2 protein chains.
Amino acid sequence: MNPTIHDVARQANVSISTVSRVVNQPLAVRKEKRDRVLQAIEQLGYEPNPFASGLRDRATKTIAAMIPDITNPFYAELFRGIEDIAREQKNNVIICNTDQDEARFLEYMSYFKKKKIDGLIFVSAAVTDAHHATFAELQVPVVLAATDGERFGLPYVKVNDYAAASDAASFLIKNGHRSIGVISGPADDPIAGIPRLAGFRDALAAYGLPHGANAVAYGTYDFDSGYEAMRKLYGTMPELTAVFAASDAMALGAMAFLQRRGMEVPRQISIIGFDNISLSRMVTPALTTVAQPVYEIGKQAAAMLFRRIGNPQDEAQSLVLGHEIVVRDTVWNRN
Amino acid sequence: MNPTIHDVARQANVSISTVSRVVNQPLAVRKEKRDRVLQAIEQLGYEPNPFASGLRDRATKTIAAMIPDITNPFYAELFRGIEDIAREQKNNVIICNTDQDEARFLEYMSYFKKKKIDGLIFVSAAVTDAHHATFAELQVPVVLAATDGERFGLPYVKVNDYAAASDAASFLIKNGHRSIGVISGPADDPIAGIPRLAGFRDALAAYGLPHGANAVAYGTYDFDSGYEAMRKLYGTMPELTAVFAASDAMALGAMAFLQRRGMEVPRQISIIGFDNISLSRMVTPALTTVAQPVYEIGKQAAAMLFRRIGNPQDEAQSLVLGHEIVVRDTVWNRN
DNA sequence: GGATTTTTTGAAAAGCTTTTCAAAAACAGA
DNA sequence: TCTGTTTTTGAAAAGCTTTTCAAAAAATCC
């Protein structure tokens, strides 16, 4: 049986209120007694029972992270950033793999309503009205990571996808490419689908390069869809010299397709990805990509969440983190 | 304010004891009243307060998973198995990245002592005496995943590493290889280091193939160490035609080294890995490897944990899951 | 030193559930 | 219908903390 606050009180010969104070607001109790109490706590190895305190003030020191799938390296790395901050703050984080499944999302949320959490980080998926309503019910701070919350006034931490994709285009153009294909995310994905495609195309247009519908194929960010998309793209546009993929996993899929067809990357076709997941440096040739500071996004989102938990009233500032192009070996310089 | 058991009792015109019974042992209350209570619960949207119940019976419906690093795809997949079972059981899982760091392990454990968990899954790292002592203090069931607990009588779920490595050797030999290098895990790792090396070497010996110390290099399971190990191995044994790596990540590292040196895999040097992480099929050529049923290991470990939580008294049966060789494109048939 | 203000302390209540034990109700048997 | 069993129910206690409020102690001021 663990020692309780009563045991400590008896040992130190004070009331339980005093013990509680020593634990929670040490300055409010006279040094002499405080030392006695501290010593008793030490001796008995007392730790406040979290259920009892939770029962009163409903702080759980636990946050939740909703993630599409921890098996995906991009999310794993982002999550790691969250966890590292949470540990610093002596909080636990409960992980929720939603698989982008509405039912599972709801299941988790109803769960959190009863088993309280102090805050929630929602990662990467587009926020719908339904989501937003559910967040509101939860009555705890919510922070978005790698997704946009503008529409609902939810604070977020992300990268400027439009600008990043635009930079990818410039990079390819500067390397002498003119006939460029795009493997985009889903056409209806407002987070990483639409803006990355738009940013890329607008940049092309700015350089006077038209970009027709036949130069883009759509995938779902994963390896297999990248493989398939590349097949389609190559079928309709065999003349292209470079491809921009809206995720590294798709870039890898595209590369695999090309290589297995006996094509040489980058000499015949160059590829640039997006995300800079850890795998991208492990393949050969190593993937050139637009790096999102994934780990940092997780960290900042968690930090923001804890700030909001501490000060629920003050406005949270969203954060747009910088991106950069990591030049490795999959883009050929044609100049 | 959430409705309490009292609100329900009042609404249904019964005592709180009855409501509690309806929630916990519905059969113990007469149908007529039970229906009234159920209806009241429905109407008010009552959910028992987990702190209050935790305060009494100290069940948290939360388990913890201790993992070296969720960023590593092998662990991520194993973890996913855990999480899927936990969700089925309406439990949450708290994730702990230990980074193989003793201090961090202890930090988490002391944390769990106070903030109760119902059980713990310890993944992949070797269990030391210190670990074991700490587990005992925790007073909750512990299950090991992808690591061995024989020495401490802890139940585990894993693969037979010795046999699996031995099969890898046979496979290489049957494909006509005679001069084979090994990239092993650390020489003092009793889990995946020693047995895989031993299994491999013993199989070689059984075929009458001597295997000297110069034919093995040691790494730490990750990509970079595989890269380095391959460099060393190639330096001392340029005549080798095949390499067995004790992890896919190291195999990928080895492959990268070879390819970047302009060597052709598998025509010049064949590679077989271990784990079958999802990346292994994404590289080109796709990696031939000894598959551990990683996801299944996680699932079974979690299932075993919940069984033990339910019946703490009965002996837990450890589980040895089967492995298989996934033949892809990195082993050349020399026959 | 005595009156007054400030600081420190303790008793008790509140937070919500589960379970024990005894009482009440239902049932069975004659 | 009455007695004896069995089933169902409710009151109350236990589980442990934080916080409020009032009392006690200390400090301050004339």
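We name chains A, B, ... by the order of the sequence lines, and we start the count at 1 in each one. Nothing here was measured: the structure is a model prediction, and the numbers come from that model.
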Which nucleotide wins on minimum distance to the side chain of [X], given the candidates [options]?
| X | options | value |
| --- | --- | --- |
| A52(A) | dT18(D), dG15(C), dT17(C) | dG15(C) |
| Q25(A) | dT17(C), dT9(C), dT19(D) | dT19(D) |
| R56(B) | dA12(C), dG15(D), dA11(D) | dG15(D) |
| H6(B) | dT9(C), dT19(D), dT17(C) | dT17(C) |
| N49(B) | dG10(D), dA11(C), dT17(C) | dT17(C) |
| R30(B) | dT9(D), dC16(D), dA14(C) | dT9(D) |
| K33(B) | dT9(D), dT17(C), dT19(D) | dT9(D) |
| I5(B) | dC16(C), dT9(C), dT17(C) | dT17(C) |

Looking only at heavy atoms, which two atoms of R104(B) and N97(B) are closest? And how far apart? CD-O, 3.1 Å
What one should report as the nearest heavy-atom pair of A145(B) and I297(B) is CB-CG2, 4.1 Å
Walk me through it: do T128(B) and H131(B) pass the test side-chain hydrogen bond (donor to acceptor under 3.5 Å, both in side chains)? CA-CA 5 Å; T128(B) 66; H131(B) 286 139; 3.1 Å; yes
Expressed in angstrom and rounded to an integer, what is the separation of [X] atom [atom1] from [N] atom [atom2]?
| X | N | atom1 | atom2 | answer |
| --- | --- | --- | --- | --- |
| F51(A) | dT17(D) | CZ | P | 12 Å |
| I41(B) | dT17(C) | CD1 | C1' | 13 Å |
| R10(A) | dG10(C) | CZ | C1' | 16 Å |
| E47(A) | dT17(D) | CD | P | 11 Å |
| K31(B) | dA25(C) | NZ | C1' | 19 Å |
| E32(B) | dT8(D) | CD | P | 12 Å |
| L55(B) | dA14(C) | CG | P | 17 Å |
| R36(B) | dT8(D) | CZ | P | 15 Å |

For A28(A) and I16(B), take the nucleotide of DNA chain C holding the closest heavy atom to each; which residue's nucleotide lies nearer the 5' end? A28(A)
With nearest nucleotides of DNA chain C determined for R21(B) and V14(A) from heavy-atom distances, which residue corresponds to the more 5′ nucleotide? V14(A)
Spacing of I70(B) atom CD1 and E77(B) atom CD [to the nearest 0.5 Å]: 10.5 Å
May I ask you to evaluate whether [X] reaches the phosphate of [N], defined as a side-chain N or O under 4.0 Å from OP1 or OP2?
| X | N | result |
| --- | --- | --- |
| S53(B) | dT17(C) | no |
| T18(B) | dG10(D) | yes |
| S17(B) | dG10(D) | no |

NA contact type, S20(A), heavy-atom cut-off 4.0 Å: base, sugar-phosphate, or nothing? base
Does a salt bridge link R80(A) with D99(B), judged by any charged N lying under 4.0 Å from a carboxylate O? yes
Below 4.0 angstrom, N of the basic side chain to O of the carboxylate: do D129(B) and R151(B) qualify? yes
